[in-house]
Amino acid sequence: QVQLVESGGGSVQAGGSLRLSCAASERIFSDYNMGWFRRAPGKEREFVAVIGRNGGATYYADSVKDRFTISRDNAKNTVYLQMNSLKPEDTAVYFCVAALTIATPTAEDEYDYWGQGTHVTVSS
């Protein structure tokens, strides 16, 4: 069983930055592809970013490309989401996710484990 615990959410003004972290309990963290989804108020949950097991491959939603960076530290069992140039439309609950195998990174049902989420609020 993998447990995922997100941290780093908060409130920031537009144009600011935040870094989210997700600590995984699984001691073989390096076997999992890791990613982030988000749910904005009144909207469906959507894919944000994913990173491969060794950190060599990443994929982003168009809405965050060139502003967000996903990375991982397998020695610390942690995945990060660096969010720059934040916009009010980035306001959402951000969820950390993990999957052993992925065919379609943007599909929610590809992911085996989900964290509880961390809130990010961007004010204009």
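None of these values were measured; they are calculated from a predicted model.
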Pairwise distance [atom1]([X]) to [atom2]([Y]) - rounded to 0.5 angstrom:
{"X": "W36", "Y": "F95", "atom1": "CH2", "atom2": "CZ", "value": "11.0 Å"}
{"X": "E6", "Y": "C22", "atom1": "CD", "atom2": "SG", "value": "5.5 Å"}
{"X": "N54", "Y": "N33", "atom1": "CG", "atom2": "CG", "value": "9.5 Å"}
{"X": "S17", "Y": "L86", "atom1": "OG", "atom2": "CG", "value": "6.0 Å"}
{"X": "K87", "Y": "S124", "atom1": "NZ", "atom2": "OG", "value": "13.5 Å"}

In this structure, would [X] and [Y] fall into the same cluster of hydrophobic residues linked by side-chain contacts under 4.5 Å?
{"X": "M83", "Y": "V50", "value": "no"}
{"X": "F37", "Y": "L81", "value": "no"}
{"X": "I51", "Y": "V97", "value": "no"}

Neighbour count above 12 (heavy atom, 6.0 Å) for E89 CD: yes
Trace of the side-chain contact (heavy atoms from CB on, under 4.5 Å) decision for V120 with L20: CA-CA 9 Å; V120 171; L20 305 183; 4.0 Å; yes
Side-chain donor or acceptor of T91 paired with backbone N/O of V122 under 3.5 Å: yes
Side-chain donor/acceptor of Q3 to backbone N/O of S25, under 3.5 Å: no
Student check: side-chain heavy atoms of R38 and V64 closer than 4.5 Å: yes
Name the atoms and distances for all side-chain donor-acceptor pairs under 3.5 Å in residues 107-117, with sequence neighbours left out.
unit_1, atom_1, unit_2, atom_2, d
E108, OE1, R45, NE, 3.3
E108, OE1, R45, NH2, 3.0
E110, OE1, A103, N, 3.0
E110, OE2, T104, N, 3.4
Y111, OH, P105, O, 2.7
D112, OD2, L100, N, 3.0

With a cut-off of 3.5 Å and sequence neighbours excluded, list every side-chain donor-acceptor pair involving residues 66-80.
unit_1, atom_1, unit_2, atom_2, d
R67, NH1, S85, O, 3.0
R67, NH1, D90, OD2, 2.7
R67, NH2, S63, O, 2.9
R67, NH2, D90, OD1, 3.0
R67, NH2, D90, OD2, 3.4
R72, NE, R53, O, 3.4
R72, NE, N74, OD1, 2.7
R72, NH1, Y32, O, 2.8
R72, NH1, G52, O, 2.8
R72, NH2, F29, O, 3.1
R72, NH2, Y32, O, 3.0
R72, NH2, N74, OD1, 3.3
D73, OD1, A75, N, 3.1
D73, OD1, K76, N, 3.4
N74, ND2, R53, O, 3.1
N77, ND2, E26, O, 3.0
T78, OG1, K76, O, 2.8

Pairs meeting criterion disulfide bond (SG atoms under 2.5 Å apart) with involvement of residues 33-73, two or more places apart: none
